[in-house]
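Data first, discussion second: the structure below is written as structure tokens.
Start at 1 and go down the list; that is how both ligands and their atoms are numbered.
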Amino acid sequence: MRLIEEISSLKDEEERDREVKLEEERETMLQSYSIGAGFPFPKKLVVGYALTSKKTKSFLQPKLEALARNKGILFVRINLNSPLADQGPFDVLLHKLSGKEWHLVLEDYRQRYPDVTVLDPPDAIQHVYNRQYMLQHVADLNLSNSYGKVGVPKQLVFEKDPSSIPEAVIKAGLMLPLVAKPLFAYGSAKSHELSLAFDQRSLLKLEPPLVLQEFVNHGGVMFKVFVVGETIEVVRRFSLPDVCRRELTNNPGVFRFPRVSSAAASADEADLDPVVAELPPRPLLEKLARELRRRLGLRLFNLDILREHGTRDRFFVIDINYFPGYGKMPGYEHIFTDFLLSLVRNKYKKHLADSC
Ligand SMILES: Nc1ncnc2c1ncn2[C@@H]1O[C@H](COP(=O)(O)OP(=O)(O)OP(=O)(O)O)[C@@H](O)[C@H]1O
Ligand SMILES: O=P(O)(O)O[C@H]1[C@H](OP(=O)(O)O)[C@@H](OP(=O)(O)O)[C@@H](O)[C@@H](O)[C@@H]1OP(=O)(O)O
Ligand SMILES: [Mg+2]
Ligand SMILES: [Mg+2]
């Protein structure tokens, strides 16, 4: 009996030793990808990027490139005049360029090189470039818990024929004022030319294709929630002031307004009404970002969120932007480099798990 016990305890020990050894090996391999220590093994992380010159300037700031270099990450510009497959090899591809042709090139590349992480898939990006579909997942999610409720404003799409707008608006019960937004949210300065329509008659002056969205009073401050993989960062931005009933009747017309909330000026330091300025609860935003990341299939985006004025926990998502202005996000160089390293680490973990 004792012999059997001894043998089995020896076996347990062997098993434990084997497990410890395996765990140590795993750790050593992962350590070589560790944040901060660089990439001594097996090589550097090479990130190919295809961005406009404006985006390259705002995103690839010297502080990002310097920190990345220290962590073993190298950014390499993709030459659009030569075949993508002849360049690299890349571990990650970062891109934000318009055009069907480019998207086809990327799709083809994704299929031929499944080991390269393409941020993000062209189809998923296309989905948020159209304001008709952009907020659909937020509406479907219908997030509501003890931290608050997140919805989207009522909206209607008009592809053409402005003469049908007033009647359709009444029929759908949309309340004035309405924000008119170009249907396509990307590609030109025009896609950001928004206006506010104060009365029914003025709706005839609008130029489809567009989305008409109910204006939500929010006290002139909005929140931009930047998502980088699993990390979120929230900033306050100035926005449009509230519109009161009297203004509506006294000011008929359509009013163009500038890109208020895209300005680099953050409302974080401003002297604001604390009720309006209070950031939305973090657990609510984390849940929202997690769900949207999954549903949209995107890892790089931001959300514009309003808190309905007079409420504490009623929120509206009004816009989603792919690969937004991360350069304006505090600490973006740390968040972004950590994110890039985590991509490789996760891939490596998966690789190890598959081979075990
Ligand atoms: N439904 C709304 N209710 C109240 N204000 C709104 C609404 N929609 C938009 N706004 C205001 O107009 C601004 C621009 O709208 P939106 O974010 O949809 O446009 P955009 O051109 O996609 O902006 P971005 O520069 O963020 O891409 C918002 O940041 C906000 O200040
Ligand atoms: O200009 P920035 O870098 O700040 O980024 C802006 C970005 O412009 P860019 O991609 O051309 O750079 C815009 O993209 P397009 O739809 O116009 O393509 C849009 O996403 C904005 O919302 C971003 O501002 P943010 O919402 O982050 O403040
Ligand atoms: Mg916006
Ligand atoms: Mg936008």
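Close approach to Phe257 involves these atoms of ligand 1, each under 4.0 Å from a residue heavy atom: 12 (O). Near Arg259, meaning under 4.0 Å from any of its heavy atoms, are these atoms of ligand 1: 24 (P), 25 (O), 27 (O). Contact atoms of ligand 1 toward Lys181: 8 (N), 9 (C), 16 (P), 18 (O) (distance under 4.0 Å to a heavy atom of the residue). Annotation for ligand 1: atoms under 4.0 Å from non-hydrogen atoms of Val179 are 1 (N), 2 (C), 7 (C). Taking every heavy atom of His218 and a limit of under 4.0 angstrom, the matching atoms of ligand 1 come to 4 (C), 5 (N). Annotation for ligand 1: atoms under 4.0 Å from non-hydrogen atoms of Arg131 are 18 (O), 19 (O), 20 (P), 21 (O), 22 (O). Less than 4.0 angstrom separates some heavy atom of Lys224 from each of these atoms of ligand 1: 26 (O). Atoms of ligand 1 lying under 4.0 Å from at least one heavy atom of Asp304, given by number and element, are 17 (O), 26 (O), 29 (O).
Distances from atom 1 (N) of ligand 1 to the heavy atoms of Glu214, Gln155, Glu308 show the closest one on Glu214. When the options Leu196, Val211, Val216 are ranked by their closest heavy atom to atom 3 (N) of ligand 1, first place goes to Val216. The option with the heavy atom closest to atom 24 (P) of ligand 1, from among Leu135, Leu194, Asp319, is Asp319. The heavy atom nearest to atom 31 (O) of ligand 1, considering only Ala185, Ser191, Ser239, Gly220, is found in Ser239.
Residue-environment remark: CD (Gln87) exceeds the threshold of 12 foreign heavy atoms within 6.0 Å. In this structure, Glu107 places its CD atom where more than 12 heavy-atom neighbours from other residues, nucleotides or ligands lie under 6.0 Å away. The local environment of CZ in Phe257 is crowded, with over 12 non-hydrogen atoms from other residues, nucleotides or ligands closer than 6.0 Å.
Contacts between Arg237 and ligand 1 below 4.0 angstrom, taking non-hydrogen atoms only, are absent altogether. Of the heavy atoms in His192, both backbone and side-chain atoms come closer than 4.0 Å to ligand 1.
Looking at Phe198 and Val243, their side chains come closer than 4.5 Å, going by heavy atoms from C-beta outward. Taking the side chain as every heavy atom from C-beta outward, Arg245 and Leu248 approach each other to under 4.5 Å. Side-chain contact check for Tyr49 versus Lys55: every heavy-atom pair is 4.5 Å or farther apart.
Looking only at N/O/S atoms, Asp319 comes nearest to the Mg ion (ligand 4) through OD2. Looking at Asp304, its N, O or S atom nearest to the Mg ion (ligand 3) turns out to be OD2.
At a cut-off of 2.8 Å, Tyr186 does not coordinate the Mg ion (ligand 4) through any N, O or S atom.
Between the side chains of Asp140 and Asn142, not a single donor N or O lies within less than 3.5 Å of an accepting N or O.
Here the options are Gln155, Lys154, Arg131, the test is side-chain hydrogen bond (donor to acceptor under 3.5 Å, both in side chains), and the partner is Gln213; only Gln155 passes.
Ring planes of Phe59 and Phe336: perpendicular class, angle over 60° (limits at 30 and 60°).
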Inset, instruction - Take Arg290 and Glu230, measure what salt bridge (charged side-chain N to carboxylate O under 4.0 Å, His left out) needs, and give me the verdict at the end. - result: CA-CA 7 Å; Arg290 195 165 52 243; Glu230 285 169 25; over 6 Å; no
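Assignment of Phe238 to the shell around ligand 1 is not supported, since no heavy atom sits closer than 4.0 Å.
With hydrogens and angles disregarded, no donor-acceptor distance shorter than 3.5 Å links the side chain of Lys287 to the backbone of Ser144.
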